[in-house]
Enquirer: 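Input: one structure, supplied below.
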There are 2 protein chains.
Amino acid sequence: MTDKDISTRPRRRTTLGDVAQRAGVSAVTVSRVLREPHLVSETLRERVATAASDLGYVPNRLASALASAQTNTIGVVVPSLTNGVFNDFLSALHNVFLPAGFQLLVLNSRYTDANEEKAIATLLGHHPEAMIVTGVDQTPGARRMLQHAGVPVVQVMELTDRPIDINIGLSQVEAGHAALRFLMERGCCRIAHLMAPLDARAVRRREAFEQEMVSRGMEPLVIASTRPTSVPLGAELLAALIERHPDVDAVWCSSDNLALGALFECDRRGIRVPEDISFMGFNDLEFCSIAHPAITSVATPRYEMGERTAEIVLEIIRGSGKRPEERRIDMGFEIRERDSTRKAPRP
Amino acid sequence: MTDKDISTRPRRRTTLGDVAQRAGVSAVTVSRVLREPHLVSETLRERVATAASDLGYVPNRLASALASAQTNTIGVVVPSLTNGVFNDFLSALHNVFLPAGFQLLVLNSRYTDANEEKAIATLLGHHPEAMIVTGVDQTPGARRMLQHAGVPVVQVMELTDRPIDINIGLSQVEAGHAALRFLMERGCCRIAHLMAPLDARAVRRREAFEQEMVSRGMEPLVIASTRPTSVPLGAELLAALIERHPDVDAVWCSSDNLALGALFECDRRGIRVPEDISFMGFNDLEFCSIAHPAITSVATPRYEMGERTAEIVLEIIRGSGKRPEERRIDMGFEIRERDSTRKAPRP
DNA sequence: TTGTATGCGTTATCAT
DNA sequence: ATGATAACGCATACAA
């Protein structure tokens, strides 16, 4: 536990020049060995390599990027890392961008506009080759920055008529209508919606829910919390619902986490699913199919959205800025019916 | 949907010089307005501010970092973003570092050493002010790089006798022994362990499990999968377990996700918890207390570990490199008993 | 195949 | 209070 090994640490990081000196060559040669080894003679290549290794040389990306005007970096802003939705999306981005030689810089806005704007500013400061942001509700300031960034900008997860640049997502409103119609078709008539309005997409779905209910002459029943979505929150919201409206026959949750928590709470209270209440979630996270009862959910193509986003970005970057024909790409959604909405046929 | 707004985009990003020109001042003044506004006259301050805003100026962090030798960046490597464990930890880091003016650069190693080494190299290229890495099993190459980095390095989540620099975590082995003893004390004697050995911490816990079982003259029963932990995997592992060993009376899962999936599978198969099988997880993720039955788990202080890590790093950075007295900090763990291990008293 | 000169956008230092 | 100048570490263009 002595401090010796620490006090002897180098104060100055080793640079190209240091390696060059040790190898007895010029700095450019070292740079070449790292970037274009085939252009350097075998002898020097090895000498430089060992020198670099001896000194534990790590290239300074900042200097490199500054000099080359190439950061090989993609900026990404998501509102949450806890929510499984964004993990799948990020996973896809990783899988396409890393092999292509790009690095992901991911910042978390925690569902607040101010944080998002700050995150965008921070990322732009790193001069990414492209920006990928979640949703379409950026602040005017953020929009301005993105428009001036001079790099491809992709808004993902939902759709808008007025994209900053490229827009890849799905219609949250259509998904909301579809979910509600699905429950109606299965004979549910007293339907409640549980949600957490921190998520802008969830708000769009709620609006679709309310609109659809009203248009059918029914009273929209929404239980919301300003906390972010989570399993415990689902249990809480269901408890609140049942106390106020014990007569509901279906619950649509704005996220699968809420649905899972609500399901637990039903179990705890002896409410049978789907016999007493039908249940439906959103996003189709992996646990939906494995829960008991399995949860009906609206599957969103998160992974595919990520792949598509990455491919389009790469095409633009490599193809000298050529945008795709369509600036607005609808990836759609799909309802996966499972036991939580399969009531036994009426006798 | 025209391309006009795109084709008119600036090809060159606006720089300090551009802003200076527009404001009719020198570049240095602009720089000062941004960093030390109090040293600049009111008039110029405003003129520069509007010029910067008009041009949508975003400072180039790379150039800034290069010139000042200060990146205000903390490098972090975690093996997974899907696993709730790391979210809580990252959350804590965010909460302490962001207000302190630092930015987090988080890379995901996806549970593989090669990725981790690459991630560490990448992060070091950004010249972070400190490095935080998960676990204590870095490759020799990674260790070397970290030792030469000249910045504080914190290894988190588990403990080692041979830390690179600072080590903050808990004894996974002790936690493993404790979990097993806990089940034994409650009368379980045919205990199985479900795990995903991709996680090095999980492997340590398994070793503790096996050792404890053998030392009691019992046969260690382990069902593992090389896939990363997930809810569906828990269901699969339980199915495999029951088919081979229908007589188990307790299951300890190496992660709460596995426990949740296993619990669903029990439900599906009509196995009662805890009457037929007692269940125990690890980490005490938020859904444990809300599940039905609620899941007994080993609570790990993830958030506190993050806070402690950040505080120590800040102290070192600000206190001219002074390390804390103890380079190895044990944050402990705690078993939270819930219904999944509360068998009814024998009559 | 290797080296020299120049510049990337910013900050630090020193003048004014 | 403001400006001129020299770094920072590397990559590009060009020369040898």
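Here is the naming used below: chain letters follow the sequence lines, and residue numbers restart at 1 for every chain. Quick note: numbers below take in every heavy atom, side chains included, and nothing from hydrogens, waters or symmetry partners.
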Enquirer: Indicate yes or no: at least one non-hydrogen side-chain atom of A/Leu159 is less than 4.5 angstrom from one of A/Arg328.
Expert: yes
Enquirer: Output yes when a side-chain donor or acceptor of B/Glu158 lies under 3.5 Å from a complementary backbone atom of B/Gln155, and no otherwise.
Expert: no
Enquirer: Under 4.0 Å, heavy atoms only, any strand: does A/Leu44 hit a base, just the sugar-phosphate, or nothing?
Expert: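 Sugar-phosphate, backbone atoms only, no base.
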Enquirer: Between B/Val77 and B/Thr134, which heavy-atom pair has the shortest distance, and what is it?
Expert: O-OG1, 2.8 Å
Enquirer: Quick one, A/Ile74 and A/Leu93 - any side-chain contact, counting heavy atoms below 4.5 Å?
Expert: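 No, their side chains stay 4.5 Å or more apart.
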Enquirer: Whole Å only: how far is the CG atom of A/Leu66 from the C1' atom of C/dG9?
Expert: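 Checked: the CG to C1' distance equals 6 Å.
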Enquirer: Name all residues meeting the side chain to side chain contact (heavy atoms under 4.5 Å, CB included) criterion together with B/Ser26; count only those two or more places apart in sequence or in a different chain, and write none if there are none.
Expert: B/Val28, B/Thr29
Enquirer: Please walk me through it: do B/Asp165 and B/Leu146 pass side chain to side chain contact (heavy atoms under 4.5 Å, CB included)?
Expert: CA-CA 9 Å; B/Asp165 185 2; B/Leu146 290 172; over 6 Å; no
Enquirer: Considering all heavy atoms of both residues, which atom of B/Asn95 and which atom of B/Tyr303 are nearest to each other, and what is their separation?
Expert: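 Closest approach of B/Asn95 to B/Tyr303, heavy atoms only: ND2-OH, 2.6 Å.
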Enquirer: Show every side chain to side chain donor-acceptor pair (under 3.5 Å) that has at least one partner inside residues 32-41 of chain B, sequence neighbours left out.
Expert: B/Ser31-B/Arg35
Enquirer: Roughly how many Å is it from CG in B/Asn60 to C1' in C/dG7, rounded to a whole number?
Expert: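 Rounded to whole Å, this separation is 14 Å.
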Enquirer: Identify the heavy atoms of A/Asp137 and A/Ala200 that sit nearest to each other, and give their distance.
Expert: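 Looking at all heavy atoms of both residues, the shortest contact is OD2-CB, 3.3 Å.
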Enquirer: Using a 4.0 Å heavy-atom cut-off, write out nucleotides 11-16 of chain C from 5' to 3' as B (base contacted by protein), S (sugar-phosphate only) or - (no contact).
Expert: BB----
Enquirer: Please compare B/Glu42 and A/Gly17 by the position of their nearest nucleotide in DNA chain D and report the one closer to 5'.
Expert: B/Glu42
Enquirer: With nearest nucleotides of DNA chain D determined for A/Arg61 and B/Thr43 from heavy-atom distances, which residue corresponds to the more 5′ nucleotide?
Expert: B/Thr43
Enquirer: Any side chain to side chain donor-acceptor pair (under 3.5 Å) pairs touching residues 44-56 of chain B, not counting sequence neighbours?
Expert: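 Non-adjacent pairs meeting side chain to side chain donor-acceptor pair (under 3.5 Å): B/Arg22-B/Asp54.
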Enquirer: Report the end-to-end axis angle of the helix from C/dT1-D/dA16 to C/dT16-D/dA1; each axis comes from five terminal pairs, and the value is rounded to 10°.
Expert: 30°
Enquirer: Taking CD from A/Gln70 and P from C/dG7, how many angstroms apart are they, rounded to a whole number?
Expert: 21 Å
Enquirer: Going 5' to 3' along DNA chain D, which are the first and last nucleotides with any atom under 4.0 Å from a heavy atom of chain A?
Expert: D/dG9 to D/dT12
Enquirer: Of A/Val313, A/Thr71, A/Val151, which is the lone residue that meets side-chain contact (heavy atoms from CB on, under 4.5 Å) with A/Glu129?
Expert: A/Thr71
